[in-house]
2 protein chains.
Amino acid sequence: MSMDPAPDPIFARLDRAGLVQHVVRLITDAILQGRLKPGDRLTESGIARELGLSRAPVREAARLLENRGLVVSQPNRGFFVREVTVEAIDSLYELRICIECAAVERLVAGDPAQALIGLRERIDEMRDLAEADDPLSQIEADMAFHRLICLHSGNERFVTVFDQIADETQLSLMLIGRLYDDPMRMAETHEPVFDAIAARDAQGARAALEYHIGTARRVVTDIFRKLKEDGSA
Amino acid sequence: MSMDPAPDPIFARLDRAGLVQHVVRLITDAILQGRLKPGDRLTESGIARELGLSRAPVREAARLLENRGLVVSQPNRGFFVREVTVEAIDSLYELRICIECAAVERLVAGDPAQALIGLRERIDEMRDLAEADDPLSQIEADMAFHRLICLHSGNERFVTVFDQIADETQLSLMLIGRLYDDPMRMAETHEPVFDAIAARDAQGARAALEYHIGTARRVVTDIFRKLKEDGSA
DNA sequence: GTCAAGAAGATTGTCGACAATCGACAGAAC
DNA sequence: GTTCTGTCGATTGTCGACAATCTTCTTGAC
């Protein structure tokens with residue numbers, strides 16, 4: 001009646017069932033790197049031809065990307081890269097504040113020791129990437145930081161929601177280019193949040209995180225508004 | 001340059017692309033009516049055979065249901081009706097509190113006039129269904145009430161998240177049977193929320209809603225815990 | 001009797017093909 | 001010149017079939 005717990009995994013289980021997942025990553029990268037722009041059409045047959053496989057896995061990958069918010073589908077018309085609007089970004093950040101603040105409060109109420117290790121690593125990583133002048137990877141470290149908060153909150157559902165909006169957030173950040181003139185700023189803005197968590201100050205952590213995300217919200221929407229004006233002018 | 005705003009829509013737009021949607025509804029109903037129980041396997045071929053169509057639309061429907069949380073998929077194993085645990089329900093309700101409280105605050109800050117009409121209708125509907133002794137439809141009216149709050153919050157993202165957890169919430173409620181001994185209680189517990197919104201009291205509305213959902217959270221988890229004990233005993 | 005190895009059946013993953021639908025263009029009617 | 005209609009190419013929606021994988025049952029050794 002007892003489960004045998006995989007007796008010595010010598011070889012890393014090569015992920016079969018990885019085909020769809022692979023396609024997901026390819027398309028995700030293409031969007032997040034700007035090779036596919038908002039509004040662009042994703043033709044199943046085209047992508048399938050390019051990758052040398054059938055339409056079925058491509059279609060499935062597109063459906064997954066739809067749930068993650070990177071593409072939208074129209075009946076009988078197919079998939080398109082999601083258009084990003086100022087309103088959508090604003091709504092997105094409001095939801096993030098709502099979720100992450102609740103998550104960090106629970107995190108502090110529980111045992112934040114393990115989380116703190118990871119959070120510290122991410123901030124340091126942001127610093128390193130600031131010196132290396134790699135804004136794209138820096139954004140990923142930023143997202144990883146915030147994901148960790150949700151992950152260690154003790155409520156798995158927070159992670160689910162975060163993952164569903166993470167890609168779209170990343171897309172909006174990517175479209176902007178860089179948030180701050182001084183790349184070191186990104187790491188610094190996370191410090192107060194870390195400190196409050198380390199001090200086991202739940203309310204302080206919530207406030208710090210709300211301020212942190214709220215600031216990003218204003219900066220991002222402002223930059224994006226200007227981009228939009230210049231673009232349509 | 002002016003748009004003609006659909007000059008008199010005589011015919012209602014009939015939704016083509018309804019095949020997959022139809023399958024979604026059929027499976028959803030089967031689960032929510034208890035004909036498919038948690039843990040049950042959903043075989044694509046079986047369902048396709050029963051409905052007299054191919055596996056493709058069934059598969060697509062299953063993927064949609066996965067995003068709505070009613071089924072889970074395992075690679076190379078297929079789809080199963082989601083198992084409901086006490087912890088999952090608790091996490092679900094915590095997320096609901098987080099989302100809906102933020103939504104109602106924004107709702108009151110904006111213009112709640114239109115929302116109030118719909119909310120009143122839902123409460124009255126609950127009363128009627130309590131007299132008619134139709135707990136299943138009553139649950140749907142309950143969900144509709146809470147969805148309206150998200151819908152009129154002005155942040156479309158709140159609705160998106162709500163829809164993604166609505167079915168699972170409904171499933172948990174369905175499994176329990178009935179929440180209150182007195183079916184009228186359900187309508188009554190919504191009144192304070194309605195009153196606070198009508199009074200344009202944002203903080204009061206948030207508090208009332210948090211209390212309302214929090215109470216439901218305790219009742220549901222308690223009942224479910226007992227069910228679980230009896231079931232496994 | 002217990003456990004491991006292998007065969008048989010069932011189910012998912014993927015494929016290529018056909019039908020239904022959409023968007024664009026050309027042509028006819030006014 | 002404008003508007004409607006018919007046709008065409010392209011794309012999605014659906015289908016049935018095959019290969020890969022998992023599950024179950026049987027077989028055999030200890």
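All values reported here derive from a predicted model rather than from experimental measurement.
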Any side-chain N or O of B/Arg55 under 4.0 Å from OP1/OP2 of D/dA17?
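Answer is no, no contact under 4.0 Å.
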
Grab the [atom1]-[atom2] distance between [X] and [N] for me, whole Å please.
X: A/Leu19; N: D/dA20; atom1: CG; atom2: C1'; result: 12 Å
X: A/Ile47; N: D/dT12; atom1: CD1; atom2: C1'; result: 13 Å
X: B/Gln21; N: D/dT12; atom1: CD; atom2: P; result: 19 Å
X: B/Glu60; N: D/dT14; atom1: CD; atom2: C1'; result: 10 Å
X: A/Arg59; N: C/dC15; atom1: CZ; atom2: P; result: 15 Å

Residues two or more places apart in sequence or in another chain: which of them pass salt bridge (charged side-chain N to carboxylate O under 4.0 Å, His left out) with B/Arg25?
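With sequence neighbours excluded, B/Arg25 shows a salt bridge (charged side-chain N to carboxylate O under 4.0 Å, His left out) to no residue whatsoever.
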
Using a cutoff of under 3.5 Å, can you pull out all pairs of nitrogen or oxygen atoms linking the protein to nucleotides 6-11 of chain C, with atom names and distances?
none

Using heavy atoms to find the nearest nucleotide of DNA chain C for A/Pro57 and A/Gln74 separately, return the residue whose nucleotide is more 5′.
A/Pro57

Pairs satisfying side chain to side chain donor-acceptor pair (under 3.5 Å), at least one member in residues 49-58 of chain B, at least two apart:
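Checked against side chain to side chain donor-acceptor pair (under 3.5 Å) - neighbours excluded - the pairs reaching residues 49-58 of chain B are B/Glu44-B/Arg55.
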
Which residue pairs pass the side chain to side chain donor-acceptor pair (under 3.5 Å) test when at least one of the two sits in residues 33-43 of chain A, sequence neighbours left out?
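Every pair satisfying side chain to side chain donor-acceptor pair (under 3.5 Å) with a residue in residues 33-43 of chain A: there are none.
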
Is B/Asp222 salt-bridged to B/Lys226, going by a charged N under 4.0 Å from an acidic O?
no

Which residues share a ring pair (Phe, Tyr, Trp, His ring centres under 6.0 Å) with A/Phe162, sequence neighbours left out:
none

Sequence-distant partners of B/His152, ring pair (Phe, Tyr, Trp, His ring centres under 6.0 Å), two or more places apart:
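Listed in chain order: nothing, the list is empty.
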
Quick check for you: among C/dA17, C/dG13, D/dG16, whose closest atom lies nearest to any side-chain atom of B/Ser54?
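So the side chain of B/Ser54 is nearest to D/dG16.
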
